[in-house]
K.L.:
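Would you mind keeping the following structure in view while I ask a few things?
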Protein chains: 2
Amino acid sequence: MIEQDCDPVFARVDKLLALLNKSKSLHILLILNLKGQPMRFSTIKSQINSSSTTIARRLGELERSGLVERKIHPTAPSVVTYGLTEDARHLAPSIQSMYDWIVKRDINIVI
Amino acid sequence: MIEQDCDPVFARVDKLLALLNKSKSLHILLILNLKGQPMRFSTIKSQINSSSTTIARRLGELERSGLVERKIHPTAPSVVTYGLTEDARHLAPSIQSMYDWIVKRDINIVI
DNA sequence: CCGAATCCTTTTTGATACTG
DNA sequence: CAGTATCAAAAAGGATTCGG
């Protein structure tokens, strides 16, 4: 069975959606966007309530995909923060409109 | 294990994203949106190239979630078509901007 | 043609325990 | 605090088969 892609762009959109949907990706982006400034691992985790395993995996994927920036601050003791990249900030409105849509419509997603 | 949601709206957005991401949901919505008119099961399937199991599951979920309308035409033989609901058409722009973003940025999603 | 049911494989998640 | 490694459980996809 040959996997024939009708539109190669679909594949990339799918990859984005696949990443965004992996549990808590959206949470992370929305929280970082709302906060407006870099946050620490523990702060993110405390607001999302998922396993550190998953949070760490998501942050790693988001970072490697260029959506999140990881910074190590040379303080004592050192502090690690995560913030949105420029690209991610451009994507935010799309997520926000989707957010607004679901809020307004009061639709009931049934899976 | 109590799942404590920090923001109940997040949960609904997550459900939407979870639905949209289940393989081929986005394809279905984009194809129906581009087509601009209801399509038959076999036509959708032919353009997506996934198992009928998955296509059927997605269409069922999208229908129950109020994003897709299923119609049985009383012709002979009878024909079944799927089209976007009003709600889905309002959501389309959000998906489209996400689509545009990924196209423009040429970003490389790494999962 | 349009699916539902079954069964199997792959993917993803989370709990736990352990480092610097 | 900020993670990684491991492993078991759960979720999701797909092939196949069958029926209206």
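Labels below follow one simple rule: chain letters A, B, ... track the order of the sequence lines, proteins then strands, and each chain is numbered from 1.
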K.L.:
Under the side chain to side chain donor-acceptor pair (under 3.5 Å) rule, collect the residues that match up with A/Arg89, sequence neighbours excluded.
P.N.:
A/Glu86
K.L.:
Can you list, by residue number, the residues of residues 77-85 of chain B that have a non-hydrogen atom closer than 4.0 angstrom to DNA chain D?
P.N.:
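Close to the strand, none.
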K.L.:
Please determine if a side-chain N or O atom of B/Ser51 lies less than 4.0 Å away from the OP1 or OP2 oxygen of D/dG13.
P.N.:
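Answer no for this pair, as no side-chain N or O of B/Ser51 is under 4.0 Å from OP1 or OP2.
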K.L.:
Report the distance from atom CD1 of B/Ile55 to atom C1' of C/dA4, rounded to the nearest whole Å.
P.N.:
15 Å
K.L.:
Does anything in residues 72-81 of chain A form a side chain to side chain donor-acceptor pair (under 3.5 Å)? List the pairs, not counting sequence neighbours.
P.N.:
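Of all non-adjacent pairs touching residues 72-81 of chain A, those that pass side chain to side chain donor-acceptor pair (under 3.5 Å) are A/His73-A/Thr81.
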K.L.:
Return each pair, listed once, that meets side chain to side chain donor-acceptor pair (under 3.5 Å) where at least one residue sits in residues 31-42 of chain B; pairs must be two or more places apart or across chains.
P.N.:
none
K.L.:
Round to a whole Å and report the spacing from CZ of A/Arg40 to C1' of D/dC1.
P.N.:
6 Å
K.L.:
Reckon A/Thr53 touches a base, only the sugar-phosphate, or nothing at all at heavy-atom distances under 4.0 Å?
P.N.:
base
K.L.:
Could you list all N or O pairs between the protein and nucleotides 10-12 of chain C that sit under 3.5 Å apart?
P.N.:
from	atom 1	to	atom 2	distance (Å)
C/dT12	OP1	A/Lys22	NZ	3.2

K.L.:
Could you tell me the separation between the CE atom of B/Met39 and the C1' atom of C/dC1, rounded to a whole number of Å?
P.N.:
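It is 15 Å, rounded to the nearest whole Å.
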K.L.:
B/Asp14 has an atom CG; how far is it from atom P of C/dT13, in whole Å?
P.N.:
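The answer, rounded to whole Å, is 11 Å.
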K.L.:
Name all residues meeting the side chain to side chain contact (heavy atoms under 4.5 Å, CB included) criterion together with B/Arg70; count only those two or more places apart in sequence or in a different chain, and write none if there are none.
P.N.:
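B/Glu63, B/Ile72, B/Val80, B/Tyr82.
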K.L.:
Going by side chain to side chain contact (heavy atoms under 4.5 Å, CB included), name the residues that satisfy it together with B/Ser97, two or more places apart in sequence or in a different chain.
P.N.:
A/Ser94
K.L.:
How close or far is atom P of D/dA11 from atom CG of B/Leu19, stated in whole angstroms?
P.N.:
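Spelled out: CG on B/Leu19 to P on D/dA11 is 17 Å.
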K.L.:
Take the protein atom CD1 of B/Ile28 and the nucleotide atom C1' of C/dG3, then report the distance between them rounded to whole Å.
P.N.:
14 Å
K.L.:
Please round to the nearest 0.5 Å and tell me the distance separating atom CD1 of B/Ile31 and atom NZ of B/Lys24.
P.N.:
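Interatomic distance, B/Ile31 CD1 to B/Lys24 NZ, rounded to 0.5 Å: 9.5 Å.
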K.L.:
Checking A/Ala88 now: which residues fulfil side chain to side chain contact (heavy atoms under 4.5 Å, CB included) with it, not counting sequence neighbours?
P.N.:
A/Leu67, A/Leu84, A/Thr85
K.L.:
Report the end-to-end axis angle of the helix from C/dC1-D/dG20 to C/dG20-D/dC1; each axis comes from five terminal pairs, and the value is rounded to 10°.
P.N.:
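The two end axes of the helix from C/dC1-D/dG20 to C/dG20-D/dC1 meet at 40°.
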K.L.:
Mind calculating the distance between CG (A/Leu59) and P (D/dC1) to the nearest angstrom?
P.N.:
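Whole-Å distance recorded here is 15 Å.
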K.L.:
Which whole-number value in Å describes the distance from A/Asn21 CG to D/dG13 C1'?
P.N.:
15 Å
K.L.:
Taking only residues two or more places apart in sequence or in another chain, which ones pass side chain to side chain donor-acceptor pair (under 3.5 Å) with B/Ser51?
P.N.:
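Once residues adjacent in sequence are excluded, the partners of B/Ser51 under the side chain to side chain donor-acceptor pair (under 3.5 Å) criterion are B/Thr54.
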K.L.:
Has B/Ser42 got a side-chain N or O lying under 4.0 Å from the OP1 or OP2 atom of C/dC2?
P.N.:
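Yes, because at least one side-chain N or O of B/Ser42 sits under 4.0 Å from OP1 or OP2 of C/dC2.
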K.L.:
Quick one: does A/His27's side chain get under 4.5 Å of B/Asp14's, heavy atoms only?
P.N.:
yes
K.L.:
With sequence neighbours excluded, tell me which residues meet side chain to side chain donor-acceptor pair (under 3.5 Å) with A/Asp100.
P.N.:
A/Gln96
K.L.:
Using the test side chain to side chain contact (heavy atoms under 4.5 Å, CB included), find all partners of A/Ala18 that sit at least two apart in sequence or belong to another chain.
P.N.:
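Side chain to side chain contact (heavy atoms under 4.5 Å, CB included) check on A/Ala18 returns B/Asn21, B/Ile111.
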